[in-house]
There are 2 protein chains.
Amino acid sequence: MDVPTTRRPGVAVPRADIPRAKEKRTRIQAINRGLIVDAALEMFSTYGFRGTTIDQIAERAGMSKPNLLYYFPKKEDIYVTVLEETLEEWLDPFAALDPEGDPIEELRKYISIKMEMSASRPEASRLFANEILHGAPMIGRFLQTNLRNMVHEKAAVLRRWVSEGRLAPIDPYHLIFTIWATTQHYADFDVQIRAVLGPQVDQPGHREQAAQAVLSILLNGIRPRG
Amino acid sequence: MDVPTTRRPGVAVPRADIPRAKEKRTRIQAINRGLIVDAALEMFSTYGFRGTTIDQIAERAGMSKPNLLYYFPKKEDIYVTVLEETLEEWLDPFAALDPEGDPIEELRKYISIKMEMSASRPEASRLFANEILHGAPMIGRFLQTNLRNMVHEKAAVLRRWVSEGRLAPIDPYHLIFTIWATTQHYADFDVQIRAVLGPQVDQPGHREQAAQAVLSILLNGIRPRG
DNA sequence: GTACATTTTGACCATTCAGTCAAGTTTTTG
DNA sequence: CAAAAACTTGACTGAATGGTCAAAATGTAC
């Protein structure tokens, strides 16, 4: 006996296939994907992948769970999309390091921008930190290819600057790691910083003060000068 | 009708109550709690609280789930215990910063020890990072009291050193954050560092090289020195 | 405006997983 | 060595949650 179904085999059922690429997007698709991705970034960055439920994202995005699943068939799909869209933005300033610029000035600009980003979009940093912390199951490949190449490229520039005597003799890779560590710490460990410093972190000048302190340490070091 | 049970109400059933404090522990209790905590640290630090199942911990600890639940009635109990035991160890070197020592030498020692810890016990760092990243739901109170006080205390020392001209004029809090950020980055973002640097991170001299680079940057800064 | 494609949803299913329980086994104690 | 205490476990349960589905509602193109 056949399974009772209205579907006849061989007859193609018209089924809305959500386009993966950015082209061919309906107006509604563009809107709803946006809502979902925004909601998902918020949730994933706060509770992690496992700690976030589809229902939560759907509610925050203002739609039903099946409706959300219509746009992103798997929970993982949302996560990967959010991660991809965030990564690019996050690495932009790094790519913008100008090999022809003044070393100290370029690094000062880079550190400043990263501090600014940590303050204005901490979710992006946290999402990324969480993924790495858990072994980068989704973006491992990206790290080993794109990021790796980009870092090698920039490290070469830094090394040249060092050899030209325009930078202190520092291993370029560890310099990059140190900058990342320091700047992103202000987003990732915000709760801890808040616990220590109290409400003053919301005061107007605090962001600038933090950026200034970090710049001072990284550029000039801890030793007394003058 | 009564529910068929052999338990008679009012009759106290002898039930083994696991002592929460460290005293009064059976030999078996000491062993098994140790096995559980070790296994849990491993799992929680890798997969987070939500990403870890009791079964996984039990299997890694070599016992059945109900048996594990006999020692730690709730999943949260294991997590909190691991966190507490780890936190103390993790903050030890910070507490050991000697107000009477030489500033640069003290900081050099502190940074070196933290780098060493990140390399030898990355799980501890990751467990902690994960907890903070998710808003410190369990140790929020600890951060706002113990940690806060400790940081204030050490910040006062740093500030004195600055006023004595034995340290560059830096905000002491941000100096502390910068040191934490940089050193713990090597544990928390190990996967990323590995992706960029490749297998050389397992080479003998790598740890020392990393520590040297971080010390150089933090102590002397990026600017070229005469 | 009508036919077709797209979007939306309530009801449902299967799995995973924290936690329970009662009955057993082992260890300790007097 | 016998009784009590401590320890261990297989078999469950209930709630949470990722994902399905068929049908209804809405939007779009001609």
Side-chain angles (χ1 to χ4, degrees), chain A residues 3-9 11-20 23-36 39-40 43-44 47-80, chain B residues 2-9 11-20 23-36 39-40 43-44 47-81:
Chain A
V3 182
T5 173
T6 54
R7 278 256 196 82
R8 278 183 301 151
V11 173
V13 175
R15 167 112 157 285
D17 250 335
I18 300 301
R20 191 101 180 82
E23 322 125 23
K24 292 185 181 180
R25 290 244 179 93
T26 308
R27 186 178 53 90
I28 296 179
Q29 270 169 43
I31 293 172
N32 282 348
R33 283 182 63 105
L35 287 173
I36 294 170
M43 302 309 289
F44 282 140
Y47 303 109
F49 181 75
R50 298 290 294 268
T52 300
T53 70
I54 298 182
D55 294 81
Q56 286 168 6
I57 301 174
E59 186 181 354
R60 194 174 193 96
M63 67 186 70
S64 68
K65 177 167 69 166
N67 198 14
L68 183 149
L69 256 358
Y70 170 72
Y71 292 99
F72 294 89
K74 304 270 173 192
K75 187 184 179 186
E76 212 180 278
D77 295 339
I78 318 173
Y79 184 68
V80 171
Chain B
D2 272 338
V3 182
T5 172
T6 53
R7 276 258 195 81
R8 277 183 302 152
V11 174
V13 175
R15 169 113 156 283
D17 251 334
I18 299 304
R20 189 102 179 79
E23 322 123 23
K24 292 184 178 179
R25 291 244 179 92
T26 307
R27 185 180 53 90
I28 296 179
Q29 270 169 45
I31 292 173
N32 282 348
R33 284 184 62 106
L35 288 174
I36 293 169
M43 303 308 290
F44 282 140
Y47 303 109
F49 181 75
R50 298 289 296 270
T52 300
T53 70
I54 298 182
D55 294 82
Q56 287 168 4
I57 301 174
E59 185 182 355
R60 195 175 192 95
M63 66 186 68
S64 67
K65 177 166 67 166
N67 198 13
L68 182 150
L69 257 358
Y70 170 74
Y71 292 99
F72 295 90
K74 304 267 173 197
K75 187 186 179 185
E76 215 181 274
D77 296 339
I78 318 173
Y79 184 67
V80 170
T81 300

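Naming: A, B, ... by sequence-line order, numbering from 1 per chain. Computation of the quantities below employed the complete heavy-atom set of this structure, encompassing side-chain atoms and omitting hydrogens, waters and symmetry-equivalent molecules.
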Next item on the list: Can you tell me the distance, in whole Å, between the CG atom of A:L69 and the C1' atom of C:dG10?
Entry: 14 Å

Note to self: Strictly below 4.0 Å: does A:Q29 bring a side-chain N or O up to OP1 or OP2 of C:dT6?
What the structure shows: no

Note to self: Between C1' on D:dA6 and CG on B:N67, what's the gap in Å once rounded to a whole number?
What the structure shows: 11 Å

Next item on the list: Would you kindly give the OH-to-C1' distance between A:Y47 and D:dA16, to the nearest whole Å?
Entry: 16 Å

Notebook entry, point to check: Under the side chain to side chain contact (heavy atoms under 4.5 Å, CB included) criterion, do A:I54 and A:F72 qualify, and how do the steps go?
Noted result: CA-CA 10 Å; A:I54 298 182; A:F72 294 89; over 6 Å; no

Check: Between A:P66 and A:Q56, who's closer to the 5' end of DNA chain D by nearest nucleotide?
Finding: A:Q56

Note to self: Taking the minimum atom-to-atom distance to the side chain of B:S64, which one of D:dT17, C:dT7, D:dT8 wins?
What the structure shows: D:dT8

Checklist line | Side-chain touch A:N32/A:Y70, heavy atoms, less than 4.5 angstrom | finding: no

Checklist line | Spacing between B:E76 atom CD and C:dC17 atom P, to the nearest angstrom | finding: 18 Å

Next item on the list: Could you tell me the separation between the CG atom of B:L68 and the P atom of C:dC17, rounded to a whole number of Å?
Entry: 15 Å

Item checked: Whole angstrom value for the distance that separates P of D:dC7 from CZ of B:R33 -> 11 Å

Note to self: Whether A:R50 contacts C:dC17 is assessed here as follows: a side-chain N or O lying under 4.0 Å from the phosphate OP1 or OP2. Is that the case?
What the structure shows: yes

Margin query: With a 4.5 Å cut-off on side-chain heavy atoms, are B:I36 and B:M63 touching?
Written below: yes

Notebook entry, point to check: What's the CZ-C1' distance between A:F44 and D:dG18, to the nearest Å?
Noted result: 12 Å

Next item on the list: Check whether any side-chain N or O of B:T26 sits under 4.0 Å from OP1 or OP2 of D:dC7, and answer yes or no.
Entry: yes

Notebook entry, point to check: What distance do B:K65 atom NZ and B:T53 atom OG1 have between them, rounded to the nearest 0.5 Å?
Noted result: 8.0 Å

Check: What is the distance from atom CZ of B:R50 to atom OG1 of A:T52, rounded to the nearest 0.5 Å?
Finding: 8.0 Å

Check: Can you tell me how far C1' of C:dT8 sits from CD1 of A:I31, to the nearest Å?
Finding: 15 Å

Margin query: Taking only side-chain N and O atoms of A:R27, does any of them lie within less than 4.0 angstrom of OP1 or OP2 on D:dG27?
Written below: no

Margin query: Can you see if the side chain of A:N32 gets near the phosphate of C:dT8 - specifically, an N or O under 4.0 Å from OP1 or OP2?
Written below: yes

Next item on the list: Could you tell me whether the phosphate oxygens of C:dT20, OP1 or OP2, come under 4.0 Å of any side-chain nitrogen or oxygen in B:Y70?
Entry: no

Next item on the list: Could you check whether B:I54 gets within reach of a base, just the sugar-phosphate, or nothing at all, counting any heavy atom under 4.0 Å?
Entry: sugar-phosphate

Next item on the list: Under 4.0 Å between any heavy atoms, over every strand shown, what does B:K65 touch: base, sugar-phosphate, or nothing? Just pick one.
Entry: base

